[in-house]
Novice: 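Next up is a structure, given as structure tokens.
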Amino acid sequence: MLVLELIIGLVLLAAFLHFRYTKRKHQRINSLIDRHIEASEELKKTLAMGLYLRFKTESAEQPVNYSSIYLKGDPISFESFVADLMKTSRGGSIWVSPSSNDQGVDFEHTTGSGLYLGQVKCYEEDLPFDPIALIHSNMVKRDAVGGYVITTGSFTENARHYARGLNIELIDGVKLVEEWFAALRHSEEDINNLIDD
């Protein structure tokens with residue numbers, strides 16, 4: 001009986017060691033892939049363009065028949081998509097405002113530092129300063145510590161200049177993709193922590 005228990009114990013130990021080795025090997029491979037993806041500016045720009053195409057408003061004059069494999073949303077669902085990314089990558093709690101009468105605030109992000117207000121724009125061109133002014137006005141009214149203006153495109157030079165010193169983070173399409181990667185990494189870390197426990 002003792003010999004059988006010893007054999008079972010050795011088999012379990014070998015299985016455990018094999019599991020740990022395989023897990024570490026996969027983590028190294030995933031880390032290598034992550035570094036290559038993060039280093040590729042072209043990939044980030046392509047994904048930012050893909051987010052625009054996924055969530056843009058469709059033209060009634062020229063309907064588009066997309067492939068069945070494509071994900072399709074709208075600018076309203078884009079707000080929830082971005083809010084989920086921000087919550088996952090930065091923590092805290094998020095409330096997405098209703099699409100009507102939001103006064104230019106698409107979501108509220110509460111962290112240990114306080115309240116941040118966010119506005120999300122699914123735009124193909126560079127965003128002017130108007131959305132930044134609107135978020136700043138709401139920050140002052142609500143006594144928020146900061147804000148975000150997030151777009152699939154980028155920002156005009158006037159917009160960047162206007163935002164200086166206002167504690168408003170401008171997140172263009174490339175930075176949004178980086179935020180997406182951070183959210184995915186954070187989710188993967190949570191899963192790994194559950195496995196390790």
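Just so you know, residue 1 is the first one in the sequence shown, and it goes up from there.
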Novice: Donor-acceptor pair, Ser67 side chain versus Tyr70 backbone, under 3.5 Å?
Specialist: no
Novice: Kindly compute the distance separating CG (Leu47) from CH2 (Trp180), expressed to the nearest 0.5 Å.
Specialist: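 CH2 of Trp180 is found 6.0 Å from CG of Leu47.
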Novice: Could you please spell out the steps behind the salt bridge (charged side-chain N to carboxylate O under 4.0 Å, His left out) verdict for Arg90 and Glu179?
Specialist: CA-CA 9 Å; Arg90 298 183 183 207; Glu179 201 73 40; 2.9 Å; yes
Novice: With the side chain counted from C-beta on, respond yes when Glu108 and Tyr116 share a heavy-atom pair under 4.5 Å apart, and no when they do not.
Specialist: no
Novice: Looking at the rings of Tyr52 and Tyr123, which for Trp means the six-membered one, are their centres under 6.0 Å apart?
Specialist: no
Novice: Using the rule that Ile, Leu, Val, Met, Phe, Trp and Tyr join whenever any side-chain heavy atoms are under 4.5 Å apart, tell me whether Leu115 and Val149 fall into a single cluster.
Specialist: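 Yes, Leu115 connects to Val149 through the hydrophobic network.
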Novice: Ring of Phe129, cation from Arg160 - is the NZ or CZ under 6.0 Å from the centre and inside 45° of the axis?
Specialist: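 That pair does not qualify as a cation-pi contact.
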Novice: Would a hydrophobic clustering, with Ile, Leu, Val, Met, Phe, Trp and Tyr connected at side-chain separations under 4.5 Å, put Leu53 with Val174?
Specialist: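 The answer is no; the residues belong to distinct hydrophobic clusters.
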Novice: If we only count heavy atoms from C-beta on, is the Thr152 to Phe55 side-chain gap below 4.5 Å?
Specialist: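 No, side chains not in contact.
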Novice: Taking atom OG1 of Thr46 and atom CD of Glu41, what is their separation to the nearest 0.5 Å?
Specialist: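 If I round to the nearest 0.5 Å, the distance is 10.5 Å.
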Novice: Any side-chain heavy atom of Phe81 within less than 4.5 Å of one from Leu51?
Specialist: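 Of all side-chain heavy-atom pairs linking Leu51 with Phe81, at least one is under 4.5 Å.
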Novice: Look up atom NE2 in His136 and atom CG in Leu117, then write down how far apart they are to the nearest 0.5 Å.
Specialist: 11.0 Å
Novice: So do the side chains of Thr156 and Leu127 get within less than 4.5 Å of each other, counting heavy atoms only?
Specialist: no
Novice: Should the pair Glu124-Lys56 be classified as a salt bridge under the 4.0 Å nitrogen-to-oxygen rule?
Specialist: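 Salt bridge: no.
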Novice: Is the shortest heavy-atom distance from the side chain of Phe155 to the side chain of Asp126 under 4.5 Å?
Specialist: no
Novice: Mark yes or no for whether Asp143, through its side chain, and Met139, through its backbone, hold a donor-acceptor pair below 3.5 Å.
Specialist: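 The answer is no, because no donor-acceptor pair under 3.5 Å joins these two groups.
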Novice: Under the rule for salt bridge (charged side-chain N to carboxylate O under 4.0 Å, His left out), what residues qualify as partners of Lys72, not counting sequence neighbours?
Specialist: Glu58
Novice: Below 30° counts as parallel, above 60° as perpendicular, anything between as tilted: where do the rings of Phe107 and His109 land?
Specialist: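 Tilted: the ring planes of Phe107 and His109 meet at 30° to 60°.
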Novice: Ile76 and Val96: same hydrophobic cluster, using ILVMFWY side-chain contacts below 4.5 Å?
Specialist: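 As far as the 4.5 Å side-chain criterion goes, Val96 and Ile76 are not connected within one cluster.
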Novice: Quick one: CD1 on Ile94 to CG on Leu85, what's the gap to the nearest 0.5 Å?
Specialist: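 Reported value, rounded in 0.5 Å steps: 9.5 Å.
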Novice: How far does NZ of Lys121 sit from CG of Asp106, to the nearest 0.5 angstrom?
Specialist: 6.5 Å
Novice: Check whether any side-chain heavy atom of Ile150 lies under 4.5 Å from a side-chain heavy atom of Gln119, and answer yes or no.
Specialist: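 They are not in contact (no side-chain heavy atoms under 4.5 Å apart), so the answer is no.
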Novice: Are Arg164 and Glu157 close enough for a salt bridge, meaning some N to O gap below 4.0 Å?
Specialist: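 Yes, charged N to carboxylate O under 4.0 Å.
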Novice: If every non-hydrogen atom of Ser113 is compared with every non-hydrogen atom of Val145, which pair is closest and at what distance?
Specialist: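 Closest approach of Ser113 to Val145: O-CG1, 3.6 Å.
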Novice: Taking Thr151 for its side chain and Ser154 for its backbone only, find out whether a donor-acceptor pair lies under 3.5 Å.
Specialist: no
Novice: Between Glu169 and Lys175, is there a side-chain N and carboxylate O pair less than 4.0 Å apart?
Specialist: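 No, Glu169 and Lys175 are not salt-bridged.
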Novice: Distance check, rounded to the nearest 0.5 Å: Thr111 atom OG1 versus Met86 atom CE?
Specialist: 10.0 Å
Novice: State yes or no: do Val177 and Leu184 share one hydrophobic cluster built from I, L, V, M, F, W and Y residues joined by side-chain heavy-atom distances below 4.5 Å, directly or via other members?
Specialist: yes
Novice: If we only count heavy atoms from C-beta on, is the Ile132 to Leu170 side-chain gap below 4.5 Å?
Specialist: yes
Novice: Under a single-linkage definition using a 4.5 Å side-chain heavy-atom cutoff for Ile, Leu, Val, Met, Phe, Trp and Tyr, are Met49 and Leu71 assigned to the same hydrophobic cluster?
Specialist: no
Novice: Ignoring hydrogens, what is the shortest heavy-atom contact between Ser89 and Ala183? Give both atom names and the distance.
Specialist: CB-N, 3.8 Å
